[in-house]
Amino acid sequence: MKNTSIIILLFTLFHFALVPSIHATEESQKKAAIIIDDFGGGIEGVQEFLEGDVQITVAVMPFTKNSIKHAEWAHNNGFEVILHLPMQPKRGKLSWLGPNPITKDLSAKEVKKRVSDAIESIPFAVGLNNHMGSLVVEDEDIVTAIVEEAKEHQLFIIDSATSPNSKFPEVAKELGVPLLKRDVFLDDVASVPHVKKQMMKLAKISEDTGVGIAIGHVGVSGEECSAGIFQSMDFFKKKNIKVVPVSDLISEQIKDYYTPLE
Ligand SMILES: [Zn+2]
């Protein structure tokens, strides 16, 4: 009797150790989220995505010429909108970040103000992910300030995973903020065959784990990125992988997180 209990306990522990919580899904439906970054800034690919029928998630940069226009256009056509928060990378020019970026030299108070202003500037934003940021995502104080502000506004976080040492996962976990991480970049090489190859990787991850998250871009690689994604959809249908808004992948976490409306 005692031995049976121990075996059951061990089996249970082993089972949970094997199933990463973010990839755990009760349903058999395989799902993939495709986040497209740099709306608001980029032009190429915008029309294709926002008038297209692939359920992408639209990540909009704040305070750029087309930020509000793109966010509203996306929302009106049924796409989920998130804030694409510009953050300082290890390499690159500050001018790539656009207005009011999160940089290493800022106080926690200033970071919180910039994040709050950025969140409030993007209509319909339900989450945020980072634009670049390989330098500041490693800074625990800055990341804590960002996550606190996301919590204040009840936004979930998608770690774009621009650094393997990102503090987002541990800080979000500590503060109880829903977070998922990007699995695949689609257009690090701007060619349709490359994007299609990366889409196959996304499909494989979704098949193996139940869910996968990819990030592509409008702008310089926007035409190739949109073409590569659209041309991959037959394969996703054949494999029975549904492309969903990214919040769909964390809906259980989000249910506990949001305060019910009164
Ligand atoms: Zn970006």
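Ligands are counted one by one from 1 in listed order, and the atoms in each one are counted from 1 as well. What you see is a predicted model; the values in this text were computed from it and never measured. No hydrogens, no waters, no symmetry mates; every other heavy atom, side chains included, goes into these values.
- Among the atoms of His84, an N, O or S atom is found under 2.8 Å from the Zn ion (ligand 1).
- Between the Zn ion (ligand 1) and the N, O or S atoms of Asp38, the shortest distance is to OD1.
- Counted by atom type alone, Glu152 and Ser116 present zero donor-acceptor pairs between their side chains at under 3.5 Å.
- Each of Val46, Val81, Ile122 was compared with Phe39 under the side chain to side chain contact (heavy atoms under 4.5 Å, CB included) criterion, and only Val46 meets it.
- Of the options Lys113, Lys112, Arg114, a salt bridge (charged side-chain N to carboxylate O under 4.0 Å, His left out) to Glu110 is made by Arg114 and by none of the others.
- A parallel orientation is assigned to the rings of Phe124 and His75, their planes being inclined by less than 30° (bins at 30° and 60°).
- Atom ND1 is the N/O/S atom of His131 found closest to the Zn ion (ligand 1).
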